[in-house]
Chemist: 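Input: one structure, supplied below.
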2 protein chains.
Amino acid sequence: MAELITIDDPADPRLADYTDLTDVELRRRREPAEGLFIAEGEKVIRRAGQAGYAMRSMLLSAKWVDVMHDVIDETDAPVYVVTPDLAERVTGYHVHRGALASMQRKQLPDAAELLRSARRVAIMEKVNDHTNIGAIFRSAAALGMDAVLLSPDCADPLYRRSVKVSMGAVFSVPYARLENWPRDLETVREAGFKVLALTPGEKAVSIDEAAPHRLERVALMLGAEGEGLSAKALRAADVWVRIPMAHGVDSLNVGAAAAVAFYAVATGRPQD
Amino acid sequence: MAELITIDDPADPRLADYTDLTDVELRRRREPAEGLFIAEGEKVIRRAGQAGYAMRSMLLSAKWVDVMHDVIDETDAPVYVVTPDLAERVTGYHVHRGALASMQRKQLPDAAELLRSARRVAIMEKVNDHTNIGAIFRSAAALGMDAVLLSPDCADPLYRRSVKVSMGAVFSVPYARLENWPRDLETVREAGFKVLALTPGEKAVSIDEAAPHRLERVALMLGAEGEGLSAKALRAADVWVRIPMAHGVDSLNVGAAAAVAFYAVATGRPQD
């Protein structure tokens, strides 16, 4: 059972994990360097725990102590009880969800390790918007992707906003980073995957015609909103696929495109 | 060719269409009542014009006069040239996109009229978030839905935020409001449509098994984020369909779910 510690000094060094949460640039550097991430809100904190992340500490306003009593009972980490006003002074914003936890990162698995047991993999290149990366993880989890691989310049899936938008799906879909981009796509291919690049280009084949759900092992690669995949990533792919579009619309937003492509890749259709 | 009018008084009554744009409640009432909507940014203003909406006036900062010269040449509406600071004082926010236009609404078509020529229709119940409604229109346009029908409590597709998120797709996909909800779903059925309700419920059949792309005329009904469809809307449907989900995830976000369902409904798969 955790110790409940009331804190009333915003400068208390025990709150260091929670300072300046609204400073994206600062947090983006600090959190991976210090091996932590922030889970926000009851649901996300519970999911992080269930996924096996160790808790460093929790920051609660008093009225959340009851709601979180089972989590408090099970952890050895210190639980800091503060006023909403103090929480705001430390973090830089009004913590609507009333509960924050600082969680310990785990070592990321090797891409090769993930690829051994996976059949459907999403690969993202330079998706550096935290909302988009969270939304894509949520869809990947729901639509049956087994793993996610990230190019070196993708945003951090464990950044607070990504975690929140993903509804905790960043904890349930395993992911790894590819160090050498796009060279490491070779590893994916060597593991028996066909590498599909999602692109609106005219040379791409319609994803329904490509029928990726019939392939044994599929890696679907997608790029950032607006830019799409780089030329070198496109060159490294086996097949270019596009989502068939109507009404002269140039593109879907990246979250919608990812969801459609995951559905096309992951759903074995019984009637086929 | 439009008249260029420099205005330096934020209280000038000619700017009335643009006042307090950040007051969502106020604008939500005012705009339909006064028969106008606001298009923001070069691309969206052009698309509104191409879709046949008449311009009431335009508000530009000086450096946008050049960029918009062809639009200015073609309209008879007054063009108000103001400083960025004055634009901010009138509208209530910093107008990043530098150009706003007040456009005249058109009379919405009858649902029955839209249904005559359409084959794939999206029906929304109580989607009252402007971002979601814009995202759904963008996907509906891209993925080949012919028309959209809205329950009486759906948000306004022509609200500034909806228009922007839709990338102008609210101009290209025709839509109508159903007055009596859910009674008017009968009209949809009488027009030869099978009414599919999208719901995560266990009684629903998987959308890939339902194979809606094989149906001659399909109306796909979806509800708001979180709540989903009401019991009475579900009762009024012909078939309940669900998107097959994995990893114990409870739901997709409404934009992702709509995109997947539109794809399943709209894309005739050549290999079938």
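The structure presented is a predicted model; accordingly, all values stated were derived computationally and were not measured. Here is how names work: the chains are called A, B, and so on, in the same order as the sequence lines, proteins then strands, and each is numbered from 1.
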Chemist: Got a sec, which pairs hit salt bridge (charged side-chain N to carboxylate O under 4.0 Å, His left out) with one end in residues 125-136 of chain A, sequence neighbours left out?
Modeler: A:K126-A:E227
Chemist: Please test A:V165 against B:N253 for side-chain contact (heavy atoms from CB on, under 4.5 Å), starting from the C-alpha separation and ending with a verdict.
Modeler: CA-CA 9 Å; A:V165 172; B:N253 81 46; 5.9 Å; no
Chemist: Looking only at heavy atoms, which two atoms of A:A256 and B:A259 are closest? And how far apart?
Modeler: CB-CB, 3.8 Å
Chemist: Is the number of heavy atoms from other residues, nucleotides or ligands within 6.0 Å of NZ (B:K106) greater than 12?
Modeler: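 More than 12 within 6.0 Å, yes.
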Chemist: Would you compute the distance between atom CG of A:L143 and atom CG of B:L252 and round it to the nearest 0.5 angstrom?
Modeler: 5.0 Å
Chemist: Applying side-chain contact (heavy atoms from CB on, under 4.5 Å), can you list everything that pairs with B:R119, at least two apart in sequence or on another chain?
Modeler: B:D146, B:E216
Chemist: Between A:I207 and chain B, with a heavy-atom cut-off of 4.5 Å, which part of the residue counts as in contact: side chain, backbone, both or neither?
Modeler: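 Contact with chain B: backbone and side chain both.
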Chemist: Given side chains that start at C-beta, do those of A:F262 and B:V260 come closer than 4.5 Å, heavy atoms only?
Modeler: no
Chemist: Would you find more than 12 non-hydrogen atoms of other residues, nucleotides or ligands less than 6.0 Å from B:R97 atom CZ?
Modeler: no
